[in-house]
There are 2 protein chains.
Amino acid sequence: MGTTKTQVFTEKQNELANILKVLGHPARLAILEQIAKQDKCICNDFVLEIDLAQATISQHLKELKKIEIIQGTISGKKMSYCINKERWEAIQGIINQFFKQNIQTNNCSI
Amino acid sequence: MGTTKTQVFTEKQNELANILKVLGHPARLAILEQIAKQDKCICNDFVLEIDLAQATISQHLKELKKIEIIQGTISGKKMSYCINKERWEAIQGIINQFFKQNIQTNNCSI
DNA sequence: ATTTATTATCGCAATATTACGATAATAGAA
DNA sequence: TTCTATTATCGTAATATTGCGATAATAAAT
């Protein structure tokens, strides 16, 4: 227990759930917002802006990298993170596809 | 520890993160899909469709109710769940607002 | 009144997540 | 080379989540 029973669900459901789960943390949203609007995006920037330990920020960055919504390049001793715009839009698309499904509004008598 | 440091983030970030977190589970996506497309939506329907114990389904329904994306009405001894369409669309809007923020694409040399 | 069907809740075990200090690893500066 | 800055990773503690069986609660059926 404690583990999600992924075998029970479709690939699509698991994939979307995983994306949403990663996005479902305020620190990760804050990081994304900051990367999106800023020019130079190194990990230390986040540490200065967001009141979390450097180790914690680094962990969150790793999660975001896993769903490929951001990517990092090494530039000297610093790390430069940026949005993977294609993936960003793809994710937006996947989410919207979910929300655009037809909703039966006549199923409940409210 | 183990707790998200919500004080550190904006109301908006926490709110969106919370919504995404709830949506970030395949069982809850499956439930939403089933409610959305079906006509009669009682808890037992989910138990028959989704291979999870009744107690587990009930718990997931509770999570979904918390963000008000679904609502339930008692009809006899059965429970009728349906999508809260207004909220559904509002959530879609909140998510899209996040994704529509301007992305600096020239921040990383890739 | 008793039984049955339906759903919520409780209590628990297993696992995951969050956060952080300490430390490693690396590159540039002195 | 030695020091410093930057970032990742390890280990760990606290808490949260997931899932389930058992049980409670309620309404309908018998």
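Since the structure is predicted, the reported quantities are computational estimates derived from the model, not experimental observations.
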Exercise. Could you go step by step and tell me if A:Arg87 and A:Gln71 meet the side-chain contact (heavy atoms from CB on, under 4.5 Å) rule?
Worked result: CA-CA 10 Å; A:Arg87 181 66 172 153; A:Gln71 50 197 171; over 6 Å; no
[N] [atom2] sits how many Å from [X] [atom1], rounded?
X	N	atom1	atom2	answer
B:Ile50	D:dT18	CD1	P	14 Å
B:Asp45	C:dT6	CG	P	10 Å
A:Leu20	D:dT17	CG	C1'	17 Å
B:Ile74	D:dT26	CD1	C1'	10 Å
A:Lys5	C:dT15	NZ	C1'	15 Å
A:Ile31	D:dT7	CD1	C1'	13 Å
A:His25	D:dA16	NE2	P	12 Å
A:Gln54	C:dT23	CD	P	15 Å

State whether [X] places a side-chain N or O below 4.0 Å from either non-bridging phosphate oxygen (OP1 or OP2) of [N].
X	N	answer
A:Tyr81	D:dA8	yes
B:Lys62	D:dT18	no
B:His60	D:dT17	no
A:Lys77	D:dA5	no
B:Lys21	C:dT17	no

For this session: Please determine if A:Glu63 and A:Lys66 form a salt bridge, counting it only when a charged side-chain N lies under 4.0 Å from a carboxylate O.
Result: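 Salt bridge present between A:Glu63 and A:Lys66.
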For this session: Check for a donor-acceptor pair, side chain of A:Asn84 on one end and backbone N or O of A:Glu68 on the other, with a separation under 3.5 Å.
Result: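 Yes; at least one donor-acceptor contact below 3.5 Å.
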For this session: Would you mind telling me which residue lines up with the more 5' stretch of DNA chain D, A:Met79 or B:Glu63, judged by nearest nucleotide?
Result: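 Result: A:Met79.
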For this session: Kindly say whether, by distance alone, the side chain of A:Gln59 makes a donor-acceptor pair under 3.5 Å with the base of D:dA8?
Result: no
Exercise. Among D:dC20, C:dA8, C:dT18, which is the nearest nucleotide to the side chain of B:Leu61?
Worked result: C:dA8
Check the surroundings of atom [atom1] in [X]: do more than 12 heavy atoms from other residues, nucleotides or ligands lie under 6.0 Å from it?
X	atom1	result
B:Gln97	CD	no
B:Gln101	CD	yes
A:Ile94	CD1	yes

Exercise. On DNA chain C, nearest-nucleotide positions of B:Lys78 versus A:Ala53: which is more 5'?
Worked result: B:Lys78
Exercise. Nearest nucleotide by nearest heavy atom, which residue falls closer to the 5' end of DNA chain C, B:Gly2 or A:Gly2?
Worked result: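 Whichever sits nearer the 5' end wins; that is A:Gly2.
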Answer with base, sugar-phosphate or nothing: what part of the nucleic acid does [X] contact at a heavy-atom distance below 4.0 Å?
X	result
A:Ser58	base
A:Thr4	sugar-phosphate
A:Leu52	sugar-phosphate
A:Thr3	sugar-phosphate

